[in-house]
Amino acid sequence: MNATDTHCPYCALQCGMRLHPVADAVPGAPPVEVGARPSFPVNEGALCGKGRTAAAVLARSARLTAPLIRPRRGGELVETSWERALDRVADGLRETAARHGPAANGVFGGGGLTNEKAYLLGKFARAVLRTPNIDYNGRFCMSAAATAHRAAFGLDRGLPFPLADIATTGCVILAGGNPAETMPPALRYFTRMRENGGRLIVVDPRRTRTADQADLHLRPVPGTDLALALGLLHIVIAEGLVDREFIDTRTTGFQQARAAAMAHWPERVEEITGVPVPQLRQAARAFAAAPAGMVLTARGSEQHSKGTDTVRAWINLCLATGKAGRPGSGYGCLTGQGNGQGGREHGQKADQLPGYRSLTDPRARARVAEVWGVDPRSLPGPGLSAYEMLDGAGTADGIRALLVMGSNPVVSAPRAAHITERLGALDFLAVSDVVLSETAALADVVLPCAQWAEETGTLTNLEGRVILREAALAPPEGVRTDLYILRELAARLGVRRGFSEEPAEVFEELGRASAGGPADYAGIDYDRIRAEQGVFWPCPDAAHPGTPRLFLDRFATPDGRARFAGVSHRPPAEPTDADYPLHLTTGRVTAQYQSGAQTRRVAELNTAAPGPFVELHPRLARQLEVEEGEVLAVVSRRGRAVAPARITPGIRSDTVFMPFHWAGPGRANSLTNPALDPQSKMPEFKVCAVRLEKTTEAVRP
Ligand SMILES: Nc1nc2c(c(=O)[nH]1)N[C@H]1C(S)=C(S)[C@@H](COP(=O)(O)OP(=O)(O)OC[C@H]3O[C@@H](n4cnc5c(=O)[nH]c(N)nc54)[C@H](O)[C@@H]3O)O[C@H]1N2
Ligand SMILES: Nc1nc2c(c(=O)[nH]1)N[C@H]1C(S)=C(S)[C@@H](COP(=O)(O)OP(=O)(O)OC[C@H]3O[C@@H](n4cnc5c(=O)[nH]c(N)nc54)[C@H](O)[C@@H]3O)O[C@H]1N2
Ligand code: SF4
Ligand SMILES: [Mo]
């Protein structure tokens, strides 16, 4: 066997890596070794610890290798055959539809799934189950930025330029992102920008490793970025730093944005955000003065019940200063999951058809129905968003059966104890996963699926670059691919055509279904991706070069102009009070990934990040008489979580932080508030009200 050039299983950077077969692997050990692949441009050979150790989860000992079935409700899961497992899933879905109608079946996908899987999952929901109720964990990830992108620019691609362009710009405002820990190899582009004389402004309530690199660190109260962005725009306008020509020729709606910003004068913004006026002025002036500039947001700014408006306010700042639609300038969102971008383009979203087409657009329906060989009238309309679907699960008008592919909501959904209860109330739950995740452990049937290095497929990284993750080895005995699972389920439910388990065939069909849509992949094929180190969409035909940079001539709105928005600040859904006096915010550490389902199975990563913790300021620690490592209960209106204290002067003294990677007593999502952003249905993961209590409770279950 030769070495295979492929990509990391985890985040949206999709670092290139080379897998080398291990000739004398002991039984149960990883059959390949991860090595560098310097020729891939995005990460230039660098990998973070998760990527470097990714092969560990390929070992038989780390994962599921036989389907599991629960013969009796309340009984244990036991091993079964694929035939029996698939029959049982098909029966569960069929019976649910017969009893309660097709909309009682739900599908929950994931932003880590390849484009081929996401596409086929959407087709399975709409054309086989005929349910409107399909959504995915990307709703919890970048849905607010996506909604804002579409409204402001007419198109949603996380970064409208290649990541390397960051090195060429003059000033970056990075709001609510910690790439030093969440995408370490990407940090090089920020470092190069600073070496070239550019300035980095980081907006984060915590002094993260990313904030350590900044020229200026603004430390707002969680949930106040909207006021902050409006305040910066206020200063830009008041000091005459706007780009009038850009506003006149390339935008609409400035007057409303201006009026809203004028109500957010610096002293008022200092009061709301806690960021001192001189720092606000410094940031606004540095950004406006730079010849080119970017605002980049990530989950810290976006995961709020006003996430969409917050991103619109950041975009307003870019537009007012002429920093969009020009080389080296623009607004971008740092997408999170491996296929966070592609996963939101091809139809696993509640309101969407492949090619980023709208499910309510008659022409899009007709086009996709034609490719699928179905009557457009048979396609259901938009369904419930991720949290709404889980929240109503098992209720009279909610879903009664659910197929989960690529997510672990028992750990990652907001108000997770309630969601766990709702999953338990379903008539039927099936989960396809690599490992027995906390969600899979609740299922009636668990289907053990192949993973990254064992199957080929495309993903679209945070830049909009469609890359090919190549199979390097065969899946172990007993494991099947998600495409196989969908094909077999479709067949059992009476649809024997149009569900290939060959990724290249599915990709070819996806290309056709996307043709003419906003995210047009029609000109991309596997060989071309191999030859060109990825192809940027839109790419409508084989002769088209792809589109690394969007909006240079016009924005994707009907009139070609970007749209300002007249948005105003509002407080978080749950303000602090005497009973819950502190803000809780949540996020990530370098060595664990998401719900931890994969990375908690890697010894080296567990040594680096063994469990949950509560970050708090020394002043708060003194008040509570808490020492480093002492166990604390964090209590919110939804529940409690228990974890050791980690005392650090980097965090605001009115705020505590917990990573969300663990289940059990330290689960951060036992606390979080599911208040949804009305536009994007993004939950408020990044701020809720809590108190701290000293406790003798055990930190491990
Ligand atoms: N190691 C690791 N890397 C990952 C992942 C992982 O789980 N682990 N997941 C991947 C995925 S899916 C995603 S979405 C990305 C996420 O990548 P990031 O968005 O970089 O990660 P987070 O830690 O969720 O949030 C970033 C920062 O937001 C700050 N923050 C909290 N509240 C606020 C606020 O109100 N305003 C502002 N301005 N900042 C705030 C937090 O302190 C935190 O430092 O990471 C990807 N990469
Ligand atoms: N409190 C708090 N909660 C959060 C966040 C936060 O910042 N704070 N962030 C949110 C964000 S941004 C995200 S993206 C979500 C992520 O949360 P989850 O959706 O739970 O993400 P993962 O842990 O990546 O779950 C993926 C699951 O799919 C499995 N899997 C991996 N590859 C495949 C595959 O190819 N096929 C199948 N069938 N399964 C596969 C994995 O083993 C794992 O069990 O969490 C959200 N929750
Ligand atoms: S930064 Fe992301 S893609 Fe790169 S090695 Fe780490 S987890 Fe993998
Ligand atoms: Mo994410």
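Atoms within a ligand are numbered from 1 in the order they appear, just like the ligands themselves.
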Whether Phe108 and Phe140 hold their rings parallel, tilted or perpendicular, with breakpoints at 30° and 60°: tilted

Face-on cation placement of Arg691 at Tyr580 ring, 6.0 Å and 45° thresholds: yes

Distance from atom 23 (O) of ligand 1 to nearest protein heavy atom, with residue and atom: Arg588 N, 3.0 Å

The one among Gln303, Arg299, Gln337, Met142 that brings a heavy atom closest to atom 19 (O) of ligand 1: Arg299

Donor-acceptor side-chain pairing of Thr182 and Arg588 below 3.5 angstrom: no

Salt-bridge contact Glu470-Arg37 (side-chain N to carboxylate O under 4.0 Å): no

Polar side-chain atom of Glu574 near backbone of Cys688 as donor-acceptor pair, under 3.5 Å: no

Worked verdict on Asn606 versus Gln592 for side chain to side chain donor-acceptor pair (under 3.5 Å): CA-CA 8 Å; Asn606 281 334; Gln592 296 289 351; 3.0 Å; yes

Ligand 1 N/O within reach of Lys686 N/O, cut-off under 3.5 Å: yes

Option nearest atom 21 (O) of ligand 1 (shortest heavy-atom distance, choices Leu13, Thr182, Val589, Thr590): Thr182

Contact check, side chains of Cys333 and Arg299, non-hydrogen atoms, under 4.5 Å: yes

Ion pair Arg570/Asp309, N-O distance below 4.0 Å: yes

Per-atom contacts of ligand 1 with Ala298, taking only distances under 4.0 Å to non-hydrogen atoms: 19 (O)

Aromatic plane relationship, His569 with His264 - under 30° parallel, 30 to 60° tilted, over 60° perpendicular: perpendicular

Those atoms of ligand 1 less than 4.0 Å from some heavy atom in Cys11: 46 (C), 47 (N)

Nearest non-hydrogen partners of Val434 and Val57, listed with the distance: CG1-CG1, 4.5 Å

Which residue and heavy atom of the protein sit nearest atom 26 (C) of ligand 1, plus the separation: Gly176 O, 3.4 Å

For ligand 3, the portion of Gln14 having any non-hydrogen atom under 4.0 Å away: backbone

Close-contact set for ligand 1 against Cys141 heavy atoms, below 4.0 Å: 14 (S)

Per-atom contacts, ligand 1 versus Pro205 - under 4.0 Å to a heavy atom: 30 (N), 32 (N), 33 (C), 37 (C), 39 (N), 40 (C)

Plane angle bin for Phe657 and Phe613 - parallel if under 30°, tilted between 30 and 60°, otherwise perpendicular: tilted

Side-chain donor-acceptor pair present, Ser385, Asp135, cut-off under 3.5 Å: no

Side chain, backbone, both or neither: Val203 near ligand 1, heavy atoms under 4.0 Å: both

Region of His304 that comes within reach of ligand 1 [heavy atoms, distance under 4.0 Å]: side chain

Shortest protein heavy-atom distance from atom 27 (C) of ligand 1, along with the residue and atom involved: Asp204 OD2, 3.2 Å

Check: Thr208 N/O within less than 3.5 Å of ligand 1 N/O: no

Short side-chain to backbone donor-acceptor contact, Arg601 and Ala597, under 3.5 Å: yes

Identity and distance of the protein heavy atom lying nearest atom 35 (O) of ligand 1: Gly223 N, 2.8 Å

Contacting atoms of ligand 1, where contact means under 4.0 angstrom from a heavy atom of Asn178: 20 (O), 26 (C), 44 (O)

Give the table of side-chain donor-acceptor pairs shorter than 3.5 Å for residues 668-675, with sequence neighbours excluded, one pair per line with atom names and distance.
residue : atom : partner : partner atom : Å
Asn669  : OD1  : Thr672  : OG1          : 2.7
Asn669  : ND2  : Val411  : O            : 2.9
Asn669  : ND2  : Ser412  : O            : 3.2
Ser670  : OG   : Arg667  : O            : 3.2
Ser670  : OG   : Arg667  : NE           : 3.0
Ser670  : OG   : Arg667  : NH2          : 3.4
Thr672  : OG1  : Arg415  : N            : 3.4
Thr672  : OG1  : Asn669  : O            : 3.4
Asn673  : OD1  : Ala675  : N            : 3.1

Atoms named by residue and atom, protein N, O or S, within reach of atom 6 (Fe) of ligand 3 (under 2.8 Å): Cys48 SG

Nearest neighbour of atom 33 (C) of ligand 1 from the list Gly587, Gly300, Pro220, on a heavy-atom basis: Gly300

Met294 CE to Thr169 OG1 distance, which is reported to the nearest 0.5 Å: 4.5 Å

Donor-acceptor contact present, side-chain Arg469 to main-chain Gln14, <3.5 Å: no

Atom 36 (N) of ligand 1 - nearest protein heavy atom and its distance: Asp225 OD1, 2.8 Å

Under 4.0 Å to a heavy atom of Gly177 - the qualifying atoms of ligand 1, by number: 20 (O), 26 (C)

Any N or O of Gln594 closer than 3.5 Å to N or O of ligand 1: yes

Residue portion contacting ligand 1 (non-hydrogen atoms closer than 4.0 Å) for Lys50: side chain

For atom 13 (C) of ligand 1, closest protein heavy-atom neighbour: Gly336 CA, 3.2 Å

Main-chain N/O of Pro409 paired with Asn137 side-chain donor or acceptor, under 3.5 Å: no

Shortest protein heavy-atom distance from atom 8 (N) of ligand 1, along with the residue and atom involved: Gln592 O, 2.7 Å

Any Glu302 heavy atom less than 4.0 Å to ligand 1: no

Atom indices of ligand 1 within 4.0 angstrom of Arg206 heavy atoms, with elements: 41 (C), 42 (O), 43 (C), 44 (O)

Pairwise distance CE(Met682) to OG1(Thr310) - rounded to 0.5 angstrom: 10.5 Å

Distance from atom 31 (C) of ligand 1 to nearest protein heavy atom, with residue and atom: Thr585 OG1, 3.0 Å

Gln352 side chain to Arg344 backbone, donor-acceptor under 3.5 Å: yes

